[in-house]
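For reference, the structure discussed in these notes is given below.
Below, each value reflects all heavy atoms present in this structure, side chains not excepted, and no hydrogens, waters or symmetry copies. Order of the sequence lines sets the chain letters (A, B, ...), proteins ahead of strands, with each chain counted from 1.
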Amino acid sequence: MTGAGLELRRVRKSFDDRPVLDDISLVVRPGEFVSIVGPSGAGKSTILNLLTGRLTPDGGEMLHDGVPLASGSYRFAFMPQRDALLPWLRIIDNTTLGLEVAGMKRKAARARVAPLFAEFGLDGFERHFPAQLSGGMRQRAALLRTVVQGKAVLLVDEPFGALDALTRTQMQQWLAAMWMRHRWTVLLITHDVREAALLSDRVYVLSARPARIARTIPVWLPHPRPAAGSPEVATVEAEILNTLFNPEF
Amino acid sequence: MTGAGLELRRVRKSFDDRPVLDDISLVVRPGEFVSIVGPSGAGKSTILNLLTGRLTPDGGEMLHDGVPLASGSYRFAFMPQRDALLPWLRIIDNTTLGLEVAGMKRKAARARVAPLFAEFGLDGFERHFPAQLSGGMRQRAALLRTVVQGKAVLLVDEPFGALDALTRTQMQQWLAAMWMRHRWTVLLITHDVREAALLSDRVYVLSARPARIARTIPVWLPHPRPAAGSPEVATVEAEILNTLFNPEF
Amino acid sequence: QPATVTMALDWTPNTNHIGLFVAEAKGFYDEAGIEVQILPYSDTSAATLVANHVADFGVIGSIGLFIQRAAGADLVATYALVQTETGRLVFNGDREDIQSPKDLDGKTYAGFGGGWEDVLLGTMIRYDGGRGEYETVTLGTSAYEALYNGAVDFTLEVYTWEGVKAERDGREQRAFRYADFGVPDQHTNFIGTTEAYLAAQPDTARAFISATQKGYAYAVEHPDEAAGILVAANPDAALDRDFVRASLQALIDGHYLRSAAGDVGTIDPAKMDAVGNFVFASGILRDADGKPLKDAPDFSTYYSTDYLSPLQ
Amino acid sequence: MWKAYAFLSALARALGHAGPALLSVVTLIVGWEAYVHFSGISPTVLPAPSRVLAQAYEHRQTLAGHGVATLQATAFGFASSLLAAFLFSLLVDFFPQLRRALFPVFIITQTLPLIAIAPLIVLWFGFGLMPKIVLVALITFFPMLVALVQGYAATDRDIEALLASMGASRWRIFVTARLPSSLPYFFAGLRISITYAVVGAIFSEYAGAARGLGIYILNAKNNFRPDLVLAAVLVSSTLTLALFGATVLIQRAAMPWTRLSEESR
Amino acid sequence: MWKAYAFLSALARALGHAGPALLSVVTLIVGWEAYVHFSGISPTVLPAPSRVLAQAYEHRQTLAGHGVATLQATAFGFASSLLAAFLFSLLVDFFPQLRRALFPVFIITQTLPLIAIAPLIVLWFGFGLMPKIVLVALITFFPMLVALVQGYAATDRDIEALLASMGASRWRIFVTARLPSSLPYFFAGLRISITYAVVGAIFSEYAGAARGLGIYILNAKNNFRPDLVLAAVLVSSTLTLALFGATVLIQRAAMPWTRLSEESR
Ligand SMILES: Nc1ncnc2c1ncn2[C@@H]1O[C@H](COP(=O)(O)OP(=O)(O)OP(=O)(O)O)[C@@H](O)[C@H]1O
Ligand SMILES: Nc1ncnc2c1ncn2[C@@H]1O[C@H](COP(=O)(O)OP(=O)(O)OP(=O)(O)O)[C@@H](O)[C@H]1O
Ligand SMILES: Cc1ncc(C[n+]2csc(CCO)c2C)c(N)n1
Ligand SMILES: [Mg+2]
Ligand SMILES: [Mg+2]
């Protein structure tokens, strides 16, 4: 039952006797866009912390391409909640950060990142500080920093939660377009039911803490999906919402 | 062309030579739920500041029931962005604040507010401090404080912007239900296109600064509207989004 | 390489210190093969600096010497700056209500913060038939301003400095001499060091003391030049040359620096014994644990005249 | 039952917190004691802590008397300072132009070296409580003023807009919103200032006074009793720490909403 | 052209800012001068500012000499204090348990009345630069340590999580994230501490030194020259304000990202 991509099997995690993750099993196949939706405090960020190696699970297995994850292997590129750009680094230095930490020389890292600025709509902003960019541009810079690391899977935690609703909609459409072009393997954490429905190939809905997978919702719709107005997307949304608001779940 | 309710005619406002409101005309009839949607920084909050008397317009007219608004008349109840509960006052004192400022004795004010706690889902939390309440409860307390003032119009600025997406959806449905029961006259500012489509009888879409009314979208759908999944609501949403994202507007 | 001697002062430079500056300026220290560094007055008393080996020598008050020695501090007086008491109890001249020390009962005294002041004043007032009860406000260096402003009733001064200054400034003052009211006459202050220093560097000590003695003797002989030296050596202090000259004259005329017998710097065993027994009897001599001494110590160990040169 | 358990676990936690602190303080004292004993250093240079404690106990009555005088000076001085800071904060809040005019003057007062100023203040104001009050106020007034003004500025603009929309007067807004908003800043300032207040009071006594720990220290110093100097230092530090602790307790009592929010979520 | 305009308007704004301040300072000085002239108060009690200025000018060389000595003591003391604070902040950051053990000891040092401690420190460390360094460090070390530790704690948890996910070492995270995060706190602490540093240096000179403004003040006072005392106070305050201004400039240079974000949005 093993295979390519990322796989979690019956993963459990408690903090001081307080169970947070009860029983989490999920898969992300190469090239898939998978989302996790769940109530606040359910343990969504905790799942990513397990995958980045910040936390170790109390039980269960975490496999990548069928091999158990060793601690300290740093196989995945992580994009934290909000953008987490370092305010004191210029955009160019922010985007090369992962490469430099991984040991690449500054010059080589810049050479790797530079050609991507145009595609990410950041051309000409290399020497700006993050505070000089708009919210949407900052998110694009953060995503650029994430993908340029060339890791197998992108772990993205609520990237657009702090943006206003209009900018958020724009960024979702931009991300959908970028994903179609590059077909990154993505595990996205979100609060936003519509975001999950718009972007994902599959949505895992978490129960409240201690979190289990309450429901797995495959989304068989073709990409790209319209920002609003498609009844199919609306159906997926309704399905997610029903699971979330179902008192029995 | 005058009538009952609130009316703005060709209102203009600049800050230090920077025009913010260019030409705003709108009406809110008694019992109507009207929304204003627009980009960040367009001047939405500025409109409410004009109505509460914090700012005075540079030009144009503001009428209530056909009579020009005198400064210092405080005819409207205002609910600011976020909840703006006073952290050092217990919920009961927060909710009676408007009445007490208007000169009512504390005892009388409490007697007026007390029966509403149950309806607003705050029963038993009278003596709690705001920090002890969840985000949704805080919003309900803030709305209770607003409606209990018994003013002719409720001015509500992005009430749910700070909530997570799931709680926000719940609160929107709760507000829709409350509004159907009480038929308050509401002018709602929001970033959230779906919120506007779900709740409003009419949506004014603002242009970017200096703001004009780019489009007026009447919503002829019956209340209550489903939280997700109605194609009619989706159509309204798409209409608003198209106006907002139209580069010519 | 000349030996260096550090010397701590007890007050801003004044005519009590004149011999030090004269010896320095006239090259007496150079001739003696030593280099003297005069440390400015600070909030930490010279006796403390000396006893703790921060300074080699220092200007030490007479009664302070007895108190600290009794408490076990390693201090020895090696040179008497003055041959007879320069201090006196002083108050403004217009105080008709103060005619003799007993009138000081109930008045306010501006003090410097030391246990012995109480003994001195108490003795004088009681000797005169008073109760010895007065208020103390500890003012330290602000005592004189407070007296001149009338904020306090009396204080102690060095006649040859503050007293002369008051005369020159035309300020009416009256005073009581300690010796007139039951307090034995004393050398008001000394140049002192530690036994440890004398044991380790007897030659340097001798060189320093005798050169200093020469300085004082020279100052008595050449007051005009000496006054000029003191003023020039202390530009920061902005001293008034005429005042310094007048002060020096008072020191000379009163035989403070050179006794009528011609002694300069000599420590008089009789005075030391009298004062020692006086402070012992008053009960302010305490041992290292703060308990009053039971037996009178041998005061001759408190000083040494071995380092003076037999000048005359 | 629950209460008793909660109390015990709170106590355990407090001890757990205090443990390392106590340990290091005790280590320091024991090390000092050992050094004095084995180095044979003279007690006039560095007295052993045991001696300091013994002397503090022996002279407890005198020390208490002087301590009370210092406490009194601190209390009066600090109270005046607080009152003045509050009145000026009101002034500056209602007439913001005044801020630019007054603050630079206050900033300059903060750069004055106290040792130079203290004797002058004593000469100008006499030897009573007044110069102490002035000096303590000089040290603590501006930090408290800044704390209050910062606190007012930290008021949530939304809350002010809300109150204004209700027709609240400027004064009503001040009392209902700005003043409570300033409390955390006020107490942060208070905790620091109270420390300086004690030191300031001792200072002014040192420059001239009839009683107080400053005088006691001066006398002990002039009588070559560093053990008594340190005994007085012990009293003054204890006083300072006690006042510090008191402000923490007052803050908890004055701001119940911050306390509750931690407990019961 | 634009540059010139921008410069001129910046100047106008600065003057607009400085205007009320200058006005009130000048008013104060003129009022003081007038009071001295018309009250006929003795210059030994309260000298007129004109006299203070004239004397400061007349004794400018002496004052400069002592000022340099004080500046030197301040600089050495503050540099040592900064170094120690940084090393301890590192220690406490990497071994958080140490914090609980060390901080209470440091807090106690902050409650010690300096007038009592200064002479003892002179006794222990002699008459040279050392006691000054120790005293300045004693005053400024803990505030700087607290500022740094607070600054580290203010680091965005997300940024740390991000760096950890990239495989960054504890040290790399410290250098890349925690240290830059602490800069605003560091500079806030610096601005306050530098003020205390000057006062502390003067203090230690007062207790014992060969040169310095403290010594000068003490001598002037004993010679009944309050005008010279105030002239030295003027020098010391100017020194403090200059150092304060320098820290503001250093901050602007060291944190370009905060400056730019205001200009160009
Ligand atoms: N390091 C930790 N130590 C103790 N408890 C933790 C830790 N990290 C998270 N928790 C707790 O685990 C629960 C889940 O936290 P997590 O951040 O994973 O939630 P989340 O689903 O990401 O929430 P949100 O949607 O608000 O981001 C919370 O109750 C949180 O307080
Ligand atoms: N009192 C004021 N003085 C000067 N400029 C102001 C003032 N109030 C608002 N502005 C400016 O007016 C513009 C509109 O502000 P406003 O708060 O009305 O926008 P908004 O549409 O409510 O934005 P958001 O969606 O972010 O809340 C902004 O550029 C703002 O900087
Ligand atoms: C120049 C000079 N003036 C005053 C004192 C202070 N002082 C210390 S003891 C004492 C009284 C003498 O019996 C006085 C007045 C001093 N040391 N030197
Ligand atoms: Mg999370
Ligand atoms: Mg707004």
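Interface residue D:Val25: backbone and side-chain heavy atoms are both found under 4.5 Å from chain E. Contacts of D:Leu230 with chain E are made by side-chain atoms alone, with heavy-atom separations under 4.5 Å and no backbone atom involved. Contact annotation for D:Leu112: both backbone and side-chain heavy atoms come within less than 4.5 Å of a heavy atom of chain E. In this structure, the portion of D:Thr195 lying under 4.5 Å from any heavy atom of chain E is its side chain and not its backbone. Heavy atoms of D:Ile115 lying under 4.5 Å from chain E belong to its backbone as well as its side chain. Looking at D:Tyr206, only its side chain comes within 4.5 Å of chain E, counting heavy atoms on both sides. For D:Thr111, the parts sitting under 4.5 Å from any heavy atom of chain E are the backbone and the side chain alike. Both the backbone and the side chain of E:Ile202 come within contact range of chain D, each with at least one heavy atom under 4.5 Å from a heavy atom of that chain.
The main-chain N or O of D:Pro47 is found under 3.5 Å from a side-chain atom of D:Trp32 such that the two form a donor-acceptor pair. Remark: side-chain polar atoms of D:His66 are paired, donor with acceptor, to backbone N or O of D:Gly212 under 3.5 angstrom. Listed for the D:Asp93 side chain is no donor-acceptor partner under 3.5 Å among the backbone atoms of D:Ser89. Within the 3.5 Å criterion, the main-chain N or O of E:Leu138 finds a donor-acceptor partner in the side chain of E:Gln110.
Taking D:Ser24, D:Pro226, D:Gly214 one by one and counting their heavy-atom pairs under 4.5 Å with chain E, the maximum is reached by D:Ser24. Among E:Leu46, E:Leu98, E:Leu23, E:Thr27, the residue making the largest number of heavy-atom pairs under 4.5 Å with chain D is E:Leu46. Counting heavy-atom pairs under 4.5 Å between each of E:Leu114, E:Val105, E:Val198, E:Leu239 and chain D puts E:Val105 at the top.
Remark: D:Ile215 CD1 to D:Phe127 CZ distance equals 10.5 Å, nearest 0.5 Å.
Remark: E:Phe95 CZ is loosely packed, at most 12 non-hydrogen atoms of other residues, nucleotides or ligands lying under 6.0 Å away.
Centroid-to-centroid, the aromatic rings of D:Phe203 and D:Tyr196 stay 6.0 Å apart or farther.
Across D:Phe142, D:Phe106, D:Phe103, a single residue satisfies side-chain contact (heavy atoms from CB on, under 4.5 Å) together with D:Phe88, and that is D:Phe106.
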